[in-house]
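Encoded as structure tokens, the structure appears first; notes follow it.
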Amino acid sequence: MRTSHSSQSLICWVIKMIYEGDFLKDAISNLLARGYKVFAPVKLGDFHLFREVKSAEEADFGYILPRNSAKIAVFPENEVLIKYSSWIDEIPFEETRIAIVGIKACDAKAIKLLDEHFLEGFVDPYYKSRREKLLTVAITCEEPGINCFCQSFGINPRKPEADVVFSRIGGKTFVNAYSDAGKDFLSEFNLRNEGEEEARLRQNFERETLEMRKIEIDVEKLKKSFESSYWKEVAVNCKSCGVCTYLCPTCFCFDIYDEGEKKGVRIRAWDSCQFPLHTLESSSHNPRAEKWQRLRNRFYDKFYYALRKGDYYCVGCGRCIDFCPAGIDIVSVISGVR
Ligand code: SF4
Ligand code: SF4
């Protein structure tokens, strides 16, 4: 099994502290007071969504994973790239500092993968303008969801790659900083150093492997299965709805269109490789006109083509399994290839 090469690689040093109080809510209040745009999970009925919040009271942290991913903070569903009339009037880059509070280890790793896509080689200036102002405050997982498989990619759900990591262990609040930005942020709070017993408690918590699903990927078999009828069988019930890609923290396809003829805005909006028109060329040729070809593409994108960049483009969050209306399960599909 190939695992991620970059787990915890950006960590230069760590401080480990204890906080007496509601750290996550206090963190949001602090960030808002300092002018940050804050994204946090909001409870809507029986599920949570990452959203921009205007007060700490809006946030709720009683979830395993919010339904959407935290990527909206750096790669929003819709954004204005240019405002124009007879010429370009404005290019609205992000000016405000941004924070995500409540991100889990899978989504935090996904942002590192988006960095590879948007910042290596051609640099996307819009993504960059948000990413360089981003602070991440992560929560460790106590238990996995039924379709989580992040550990298959070397992700430790008890040790997210974030600026600040929050854990609730044995009734105590542990907050660790893993970057200079995290250390600066924690200096805003009244903290005490963890004691020896507390350090042991935290270390045991971080070392524990969680019982969760596992994906077994055989890249060579995948490579050889490109023309297999297997993909037609898998795609039979696919609705081409794009839910799997919209909820995926590592998917980055987008479309660009203009609204307004002489005066208007140029918009970038998420797109999906599962939509029939996604690959329609101006010649009217469509290389992935069939549903099974589009579905196959999603699996090859995640587990084969992405290896050109050195990593799988899946972090095992399980959202595409949880919410696919056709019950298409990425772990089972990849096992089927084997
Ligand atoms: S695999 Fe599932 S979620 Fe994805 S497009 Fe098909 S039906 Fe929709
Ligand atoms: S492919 Fe599915 S399991 Fe993997 S990161 Fe995307 S939504 Fe999560």
Side-chain angles (χ1 to χ4, degrees), residues 1-4 6-7 47 49-50 63-72 75 103-117 141 144-155 157 160-161 212-217 222 230-253 270-279 288-307 309 311-337:
M1 165 79 52
R2 184 180 179 283
T3 55
S4 158
S6 58
S7 182
F47 63 93
L49 280 185
F50 273 112
Y63 55 87
I64 291 179
L65 205 54
R67 187 171 285 187
N68 63 345
S69 86
K71 76 177 174 187
I72 56 163
F75 178 43
I103 191 170
K104 294 282 187 102
C106 52
D107 281 3
K109 173 64 195 289
I111 288 181
K112 307 268 188 250
L113 295 173
L114 293 178
D115 289 349
E116 284 175 14
H117 177 71
C141 291
I146 50 168
N147 286 315
C148 290
F149 56 103
C150 66
Q151 290 172 163
S152 300
F153 301 106
I155 295 168
E161 291 186 60
M212 64 170 71
R213 298 184 73 186
K214 198 170 173 196
I215 191 166
E216 304 274 0
I217 307 155
L222 187 63
Y230 178 64
W231 301 109
K232 286 187 183 160
E233 291 163 28
V234 171
V236 156
N237 291 322
C238 174
K239 320 284 181 237
S240 296
C241 64
V243 163
C244 48
T245 55
Y246 280 151
L247 297 183
C248 179
T250 69
C251 278
F252 47 70
C253 285
W270 289 357
D271 198 358
S272 172
C273 61
Q274 300 308 296
F275 294 159
L277 301 185
H278 180 75
T279 45
R288 293 201 289 268
E290 301 287 334
K291 181 173 71 173
W292 65 270
Q293 295 171 316
R294 298 192 292 275
L295 184 125
R296 178 182 65 182
N297 178 71
R298 183 162 75 87
F299 290 90
Y300 278 73
D301 250 356
K302 301 272 173 217
F303 301 114
Y304 181 43
Y305 307 142
L307 293 181
K309 295 184 181 177
D311 239 328
Y312 296 127
Y313 261 58
C314 173
V315 292
C317 72
R319 289 180 176 99
C320 61
I321 308 169
D322 289 337
F323 300 109
C324 172
I328 294 169
D329 178 331
I330 196 166
V331 175
S332 308
V333 171
I334 288 295
S335 298
V337 172

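Ligands are counted one by one from 1 in listed order, and the atoms in each one are counted from 1 as well.
- Looking from atom 4 (Fe) of ligand 2 to the surrounding protein, the closest heavy atom is Cys314 SG, 2.3 Å.
- Counted within 6.0 Å of CG on Leu49, heavy atoms from surrounding residues, nucleotides or ligands total more than 12; the atom is thus considered enclosed.
- Screening residues 231-240 for side chain to side chain donor-acceptor pair (under 3.5 Å), with sequence neighbours left out, gives Ser240-Arg294.
- Distance from atom 8 (Fe) of ligand 2 to its nearest protein heavy atom, with residue and atom name: Cys317 SG, 2.3 Å.
- A salt bridge is defined here as a Lys NZ or Arg NE, NH1 or NH2 lying under 4.0 Å from an Asp or Glu carboxylate O, and Lys112 with Asp107 fails to meet this definition.
- Atom 5 (S) of ligand 2 has as its closest protein heavy atom Val315 N, 3.3 Å.
- Take atom 6 (Fe) of ligand 1 and draw a sphere of radius 2.8 Å; the protein N/O/S atoms inside it number 1.
- The closest approach between Ile330 and ligand 2 falls below 4.0 Å for a heavy atom of the residue.
- Here the heavy atom of the protein found nearest to atom 6 (Fe) of ligand 2 is Cys248 SG, 2.4 Å.
- Shortest contact from atom 2 (Fe) of ligand 2 to any protein heavy atom: Cys320 SG, 2.3 Å.
- Contact check for Cys248 versus Arg319: no side-chain heavy atoms found under the 4.5 Å cut-off.
- Between Asp311 and Lys302, none of the side-chain N atoms (NZ, or NE/NH1/NH2) sits under 4.0 Å from a carboxylate O, so this pair counts as no salt bridge.
- Looking only at side-chain heavy atoms (C-beta outward), Asp301 and Tyr313 stay at 4.5 Å or farther from each other.
- In this structure, Thr279 OG1 and Arg288 CZ are separated by 5.0 Å, a value rounded to the nearest 0.5 Å.
- Ring planes of Phe303 and Phe153: parallel class, angle under 30° (limits at 30 and 60°).
- The closest approach between a heavy atom of Phe149 and any atom of ligand 2 is below 4.0 Å.
- For the 3.5 Å distance criterion, the side chains of Thr250 and Lys109 fail to qualify, holding no donor opposite an acceptor.
- When only non-hydrogen protein atoms are considered, atom 3 (S) of ligand 2 lies nearest to Gly318 N, 3.2 Å.
- In this structure, CG on Asn68 lies 13.5 Å from OH on Tyr246, to the nearest 0.5 angstrom.
- Close contacts of ligand 2 with Lys302, meaning ligand atoms under 4.0 Å from a residue heavy atom, involve 1 (S).
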